Amino acid sequence: MSESDLLANILLTFGSRPGLRIWRSNVLVARDQSGRVVRAGVKGQADISGILAPSGRRIEIECKTAAGRQSPEQRRWQAMIEKYGGIYVLARSVDDVERALSAT
Ligand SMILES: [Mg+2]
């Protein structure tokens with residue numbers, strides 16, 4: 001499965017689950033209408049971000065193919081999220097997210 005298919009499947013599977021809100025989190029560089037460069041997001045942030053009720057814990061989901069590897073920036077993002085008590089999921093399947101949620 002491609003990373004974009006996995007991402008879409010995760011959003012579809014968990015997008016309406018009670019007690020969980022998740023959203024796409026893009027990192028991008030674009031130009032606005034006047035030609036100015038606009039950057040959005042933080043390099044290394046996960047593909048999907050979210051929040052769990054009632055704890056308010058943050059969840060970050062990095063989607064990867066079976067062969068995909070985290071960049072150094074993504075590993076640093078994971079370390080930061082975990083250090084601050086968030087949940088970081090390196091997801092190679094929808095089931096990986098299900099397992100992580102079951103463990104909370
Ligand atoms: Mg990814």
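These numbers come from a predicted model, not from an experiment. In each ligand, atom 1 is the first atom listed, and ligand 1 is the first ligand listed.
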Does any non-hydrogen side-chain atom of Ile87 lie less than 4.5 Å from one of Ile81? no
Quick check on side-chain hydrogen bond (donor to acceptor under 3.5 Å, both in side chains): which of Arg75, Gln78, Glu62, Lys64 does Gln70 satisfy it with? Gln78
Show which residues join Val27 in its hydrophobic cluster (side-chain heavy-atom contacts under 4.5 Å, direct or indirect), or state none. none
Anything protein N/O/S under 2.8 Å from the Mg ion (ligand 1)? Just list residue and atom, please. Glu3 OE2, Asp47 OD2, Glu62 OE2, Cys63 O
Knowing that exactly one of Gln45, Glu82, Glu60 qualifies, which makes a side-chain hydrogen bond (donor to acceptor under 3.5 Å, both in side chains) with Trp77? Glu60
Return the set of residues passing salt bridge (charged side-chain N to carboxylate O under 4.0 Å, His left out) with Arg57 (not counting sequence neighbours), or none when no residue passes. none
What donor-acceptor contacts under 3.5 angstrom involve side-chain atoms of residues 12-19, with partners at least two apart or in another chain?
residue, atom, partner, partner atom, Å
Thr13, OG1, Asn9, O, 2.7
Arg17, NH1, Glu98, OE2, 2.8
Arg17, NH2, Glu98, OE1, 3.2

